Each structure stands twice: as structure tokens, then as C-alpha cells.
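Predicted model only: the values in this text are computed from it and were never measured. Both counts, for ligands and for their atoms, begin at 1 and track the order of listing.
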Amino acid sequence: MERLNVGLDDRSYQILITPEGFEGFAEELCRIGFPRQIALVTNVTVGPLYGEIIAPLLQRHGFSVRMVTIEDGEIYKNSETLDSIYTQLIETGCDRHSGLIALGGGVVGDMAGYAAATYLRGIPFVQVPTTVLAQVDSSVGGKTAINHPLGKNLIGAFYQPKSVFINIASLDTLDRRNVLAGMAEVVKYGVMFDRDFFCWLENNVTSLLELDRSKLAHAIRRSCEIKADVVARDEKESSVRAVLNYGHTFGHAVEQLSGYGKVLHGEAVAIGMVVAARISHFLGECSLEDVERISRLLRSFGLCVDPPEFSLEEYLIAMSRDKKVQSGVLKFILNVGIGDNKIVSIDEPGKILSAVLSRGLPCQICSE
Ligand code: NAD
Ligand code: GLY
């Protein structure tokens, strides 16, 4: 079992990474003094797979566990589902001395985290991420949210978990499409912060696609190290944390315009990263070869990088709702070569976007 620290003063916590199983999870909850009464929030897919392993394991260690189950999918990441979590918490008698476990991918993690942040003005929670995306990104850093019909993750809070427990073997049951989508966020860390890691990914695509446990462990550990470092430096995203949103401004627009759930978050981010790389090249911050390498690596992970065919105006309206818009000016994250980054203000995004948007074939995933 490996441990990484997320250094946030009195809100510091550890990320535990284990190749196999949930052994050590109950001990970890005891170590951090987690409440004995627990609401285990999961969804209809992950609950039967892992909730039914974790609940008895915790009960054997003297925890009382109540299951809170929600529907599965990004389309349920909304106020109605959040309300159903509150209802189940109230009905099962969760009080201020209860704790919450978020078991699942980023959708469960974000929503359960927001429920923990707001239920009775906040109860402690831990993250048990079970997708690649959640293990390398969403479970770390305390961003919790639900979607609004007008934009993704617009309602939420910064609320740190007390611990993150990553069981890599839980990825064995994850479908291929979601494994690939999660790799987009892994590539993001290399492009933004670590050229060597990017090169390592280029050289290890096949093993990663075969879910080689030790290669996955390296990719997850390095991603979490980078994320933990960024979060420790800028918890509330007033500076460097914004860089983690590389590819997300355009990606969120793709997700919203396609209808939540149609294009997976990681798939949309892959499209957005290549658009961002093209903008970076357009503005002289990286070479065409860098753009091609980023695009090639994402494609080698089976990800489509062609933007779906929405009009420039639709993209611009969707992007104008980005959380990085300040007084009407869009902040855009650029790669500087590969391994470094820069945040720029773009006051006329329409001009740049129309210059860089692909005139190629529409994305196969989105146009089905
Ligand atoms: P997801 O949570 O929808 O999970 C994908 C699918 O895999 C779901 O059907 C889920 O039930 C299933 N699943 C999960 N674990 C499984 C397992 N081990 N075996 C079998 N099936 C499993 O999607 P995701 O990609 O994990 O998360 C996407 C969400 O994360 C988006 O809503 C995005 O906005 C959010 N996100 C948040 C942050 C953050 O910092 N909070 C960062 C990135 C993304
Ligand atoms: N995934 C972006 C962040 O956590 O800041």
C-alpha cells in the first residue's frame, strides 16, 4: 500500500493506493477517527460490485453501515438526485456524528461529496474511487458539484475528503470506454506538468490498455502526486489549480451541447485538449509537432479528438458559461510545448476558435 499526502494544514489527508482489495480500508477509517455510523453512497452499478464487499468488511470492524443508492449516469448528476441522497440520509437517521463514503466514479464522488458538504452543514466523508478518471483526478482535491441544465458542475463546493482509498483492482470490472476516457486526464498531467511522464505514457500505451497492474499503479501514483501538489499550492483555484482544467473549457461545451452523458467527460476533455493545443500553436506557444504528439497519444488510447459539429456560435455560448470567465473575459489554459503551461486571457475567443477548429470529419461517438 502506498500513501501520498495532500498537504492542506488542518484539512490534510492521505491518498492510499493499493493494487488489490479493500483490506486496510477499515483500519484507515479507524486511524483517522472516522464516525462509526456511515452512509455508503454509491450507484446501482457499483453498489452490487463493491458496496456489498465494503459494507460487511466495515461492519466486522464495528462500523454501522447504511446503503444510499442512486441511479447511474451523468444525466442524474442533478438537484433531483442530490435531493434523493438527502432524503435517504434523513430516512436512515444520519446525524451530525455520521460519516459518508462516496463509492464509485466521478459522478458519485462529486454528488456524494456535495451532499456531505451540505447535509447538516457538513459531515465528514471519504472517497473510494472506482474509475480511472476518479482515481487519477476527481476523488482528490475536494471539488464537489452537480450539473445545472445551463452548465456543468455549476452548483458545488470545495469540500475536502478525510481520505481517498484507491483499489486499482476495482478497475477490472470497468468497461473499456470508461477506461479509455480516464486516460485523457492522465495525459493531461503529462502535457501540463511533466514531459518525462508524457514520454513514459507514449512508451507504455499497450501495457496500460491491458490494465497492467504495475504500469497502472505508476500512472495513478504520478497523476495523484501531481494533483496533490497542485491542490496543496492552490486549493480554491485562484492560480495554478486552473491549469488542471486544460481542455475542459471546450470539453465542457462538447458535453453540454451533446447532452450530458452522451460524450463521456474524459472523451470531451480529449477533444478539448487538442483544441487547446491547436490554440497554443496558433499563439506560438508550442510546435505543430507537439500538437501532433498530444493528438497521437490520445488517439493511441482509443480517444477521438475531432470536435463534434456544432456551430461556432453554439460553442461560444457554451464556453461563455465556463467558470473561468471573469467579467466576460475567458481564461484559457495553454500547453507551452509539452510539460509546461500558461494561463491566458482571451477576449475574442470567436476569432481564434474559428481559426483552429477542425474542418475534418465529425466525431464518430457524438454523431451516432
Ligand atoms: P462515472 O462516475 O459516470 O462512471 C462511469 C461509469 O462506470 C458509470 O456507469 C459507473 O457506474 C461505472 N463504474 C464506476 N466504477 C466502476 C467499476 N469499478 N466497475 C464497473 N463499472 C463502474 O464517470 P467518471 O468518468 O468516473 O466521472 C465523470 C464525472 O467526474 C463527471 O461528472 C465530471 O464532471 C467529474 N469530474 C470531477 C472532477 C473533480 O475534480 N471533482 C474532476 C474530473 C471529473
Ligand atoms: N479536475 C480539476 C480540479 O480538480 O481542479
Side-chain angles (χ1 to χ4, degrees), residues 6 22 41-51 53-54 69-78 81 102-114 117 127-147 151-161 164 166-186 188-189 192 211 223-224 226-228 230-231 233-249 251-252 255-256 260-261 263-270 272 323-324 333:
V6 185
F22 292 101
V41 182
T42 186
N43 71 18
V44 291
T45 306
V46 182
L49 288 170
Y50 302 111
I53 296 174
I54 292 177
T69 306
I70 57 175
E71 294 300 327
D72 181 0
E74 183 77 33
I75 51 161
Y76 296 103
K77 191 180 175 183
N78 56 28
T81 310
L103 169 70
V107 170
V108 168
D110 279 15
M111 263 198 298
Y114 188 55
Q127 289 272 15
V128 183
T130 60
T131 62
V132 174
L133 183 139
Q135 295 191 351
V136 301
D137 190 353
S138 63
S139 64
V140 176
K143 275 191 182 175
T144 70
I146 56 168
N147 297 331
K152 225 182 116 61
N153 294 336
L154 290 188
I155 316 297
F158 287 99
Y159 192 66
Q160 299 295 339
V164 179
I166 298 175
N167 167 11
I168 299 176
S170 64
L171 300 179
D172 289 349
T173 51
L174 188 63
D175 65 89
R176 192 78 175 156
R177 188 175 168 198
N178 272 293
V179 170
L180 303 179
M183 290 299 173
E185 302 277 11
V186 178
K188 173 187 80 179
Y189 293 113
M192 289 288 93
L211 297 189
S223 301
C224 286
I226 293 173
K227 178 132 191 196
V230 170
V231 169
R233 285 193 278 149
D234 177 27
E235 181 186 10
K236 299 251 169 99
E237 200 172 305
S238 45
S239 57
V240 65
R241 185 163 182 175
V243 171
L244 295 175
N245 293 320
Y246 179 64
H248 285 54
T249 303
H252 282 169
E255 278 184 89
Q256 192 208 327
Y260 293 132
V263 182
L264 301 180
H265 178 74
E267 292 170 343
V269 167
K323 288 188 286 305
K324 290 181 294 306
I333 318 301

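When hydrogens are left out, the protein atom nearest atom 31 (C) of ligand 1 is Glu74 OE1, 3.2 Å; that is the closest non-hydrogen contact. Nearest protein heavy-atom neighbour of atom 10 (C) of ligand 1: Asp72 OD1, 3.6 Å. Protein heavy atom at the shortest distance from atom 38 (C) of ligand 1 is Ser138 CB, 3.2 Å. If you check which protein heavy atom lies closest to atom 35 (C) of ligand 1, you get Asp110 OD2, 3.4 Å.
Comparing heavy-atom distances from atom 15 (N) of ligand 1 across Thr130, Asn178, Leu133 singles out Thr130 as nearest. With distances taken over non-hydrogen atoms, the option nearest atom 7 (O) of ligand 1 out of Leu244, Asp172, Leu174 is Leu174.
Inclusion of Thr131 in the set of residues having an N or O under 3.5 Å from an N or O of ligand 1 is warranted. For ligand 1, the polar-atom distance check finds an N/O of Thr173 within less than 3.5 Å of one of the ligand's N/O atoms. Considering backbone and side-chain N/O atoms, Gly106 comes within less than 3.5 Å of an N/O atom of ligand 1. Remark: ligand 1 and Ser170 share an N or O pair separated by less than 3.5 Å (distance only, no angle test). Polar contact with ligand 1: absent for Glu185 (N/O pair, distance under 3.5 Å). Residue Thr144 has no nitrogen or oxygen atom sitting less than 3.5 Å from a nitrogen or oxygen atom of ligand 1, judged on distance alone. Any N or O atom pair closer than 3.5 Å counts here, and Val107 shares at least one such pair with ligand 1.
In terms of heavy-atom proximity, Val107 sits nearest to Glu74 at CG2-OE1, 3.4 Å. The minimum heavy-atom distance linking Gly104 with Ala134 is given by the pair O-CB, 4.1 Å. Nearest heavy-atom pair, Ala102 versus Ala112, reported as atom, atom and distance to 0.1 Å: CB-CB, 3.7 Å. Considering every non-hydrogen atom in both Gln135 and Ile168, the closest pair reads OE1-CA, 4.1 Å. Scanning all heavy atoms of the two residues, the minimum distance from Asn147 to Asn153 falls at OD1-N, 2.9 Å. Closest heavy-atom contact between Ser139 and Pro129: OG-CG, 3.5 Å.
Using a distance-only test at 3.5 Å, with no hydrogens or angles considered, a donor-acceptor pair links the side chain of Tyr50 to the main chain of Ser170. Here the side chain of Ser223 pairs no donor or acceptor atom with the backbone of Val186 at under 3.5 angstrom. Asn178 contributes no side-chain N or O that, together with a main-chain N or O of Ala181, makes up a donor-acceptor pair within less than 3.5 Å. Formation of a donor-acceptor pair under 3.5 Å by the Lys188 side chain with backbone atoms of Leu244 is found in this model. Not one N or O on the side chain of Lys152 forms a donor-acceptor pair closer than 3.5 Å with the backbone of Glu255. Side-chain atoms of Gln160 come within 3.5 Å of backbone atoms of Gly141 as a donor-acceptor pair (strictly under, hydrogens ignored). In this structure, Gln127 contributes its side chain and Val164 its backbone to no donor-acceptor pair below 3.5 Å.
Under 4.0 angstrom from ligand 1, the non-hydrogen atoms of His265 all belong to its side chain. Proximity of Val140 to ligand 1, defined as any heavy-atom pair under 4.0 Å, is not found for any part of the residue. Proximity of Arg177 to ligand 1, defined as any heavy-atom pair under 4.0 Å, is not found for any part of the residue. Neither the backbone nor the side chain of Asn147 comes within 4.0 Å of ligand 1, counting heavy atoms alone.
Counting atoms of ligand 1 from 1 in the listed order, those under 4.0 Å from a heavy atom of Lys77 are 31 (C), 32 (O), 33 (C), 34 (O), 35 (C). Distances below 4.0 Å separate heavy atoms of Asn153 from the following atoms of ligand 1: 34 (O). For ligand 1 and Leu49, the ligand atoms under 4.0 Å from any heavy atom of the residue are 19 (N), 20 (C). Atoms of ligand 1 lying under 4.0 Å from any heavy atom of Tyr50, numbered from 1 in the order shown and given with element: 18 (N). Residue Lys152 approaches ligand 1 through these ligand atoms, each under 4.0 Å from one of its heavy atoms: 31 (C), 32 (O), 33 (C), 34 (O).
Under 3.5 Å, the side chains of Asp72 and Thr45 contain a donor-acceptor pair of N or O atoms.
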Go through it in stages, so that I can follow the logic: the residues are Tyr76 and Asn43, the test is side chain to side chain contact (heavy atoms under 4.5 Å, CB included), and I'd like the CA-CA distance, side-chain angles, deciding distance and then a yes or no. CA-CA 10 Å; Tyr76 296 103; Asn43 71 18; over 6 Å; no
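Taking 4.5 Å as the limit, some side-chain heavy atom of Arg241 sits within range of a side-chain heavy atom of Lys143. For the pair Thr69 and Val44, the minimum side-chain heavy-atom distance is below 4.5 Å.
The shell of residues lying under 4.0 angstrom from ligand 1, judged by heavy atoms, includes Lys227. Heavy atoms of Asn43 approach ligand 1 to within less than 4.0 angstrom. Ligand 1 has Asp137 within reach: a non-hydrogen atom of the residue lies less than 4.0 Å from it. Residue contact annotation: Glu255 has no non-hydrogen atom under 4.0 Å from ligand 1.
Relative orientation of the His248 and His265 rings is perpendicular, given thresholds of 30° and 60° on the angle between their planes.
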Would you mind listing each N/O atom of ligand 2 next to any protein N/O under 3.5 Å, plus the distance?
from     : atom 1 : to     : atom 2 : distance (Å)
ligand 2 : 1 (N)  : Asp137 : OD1    : 3.1
ligand 2 : 1 (N)  : Asp137 : OD2    : 3.4
ligand 2 : 4 (O)  : Lys227 : NZ     : 2.5
ligand 2 : 4 (O)  : Arg241 : NH2    : 2.8
ligand 2 : 5 (O)  : Lys143 : NZ     : 2.8
ligand 2 : 5 (O)  : Arg241 : NE     : 2.7
ligand 2 : 5 (O)  : Arg241 : NH2    : 3.4

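Contacts of Asp172 classified as salt bridge (Lys or Arg N to Asp or Glu O under 4.0 Å), with partners at least two apart in sequence or in another chain: Arg213.
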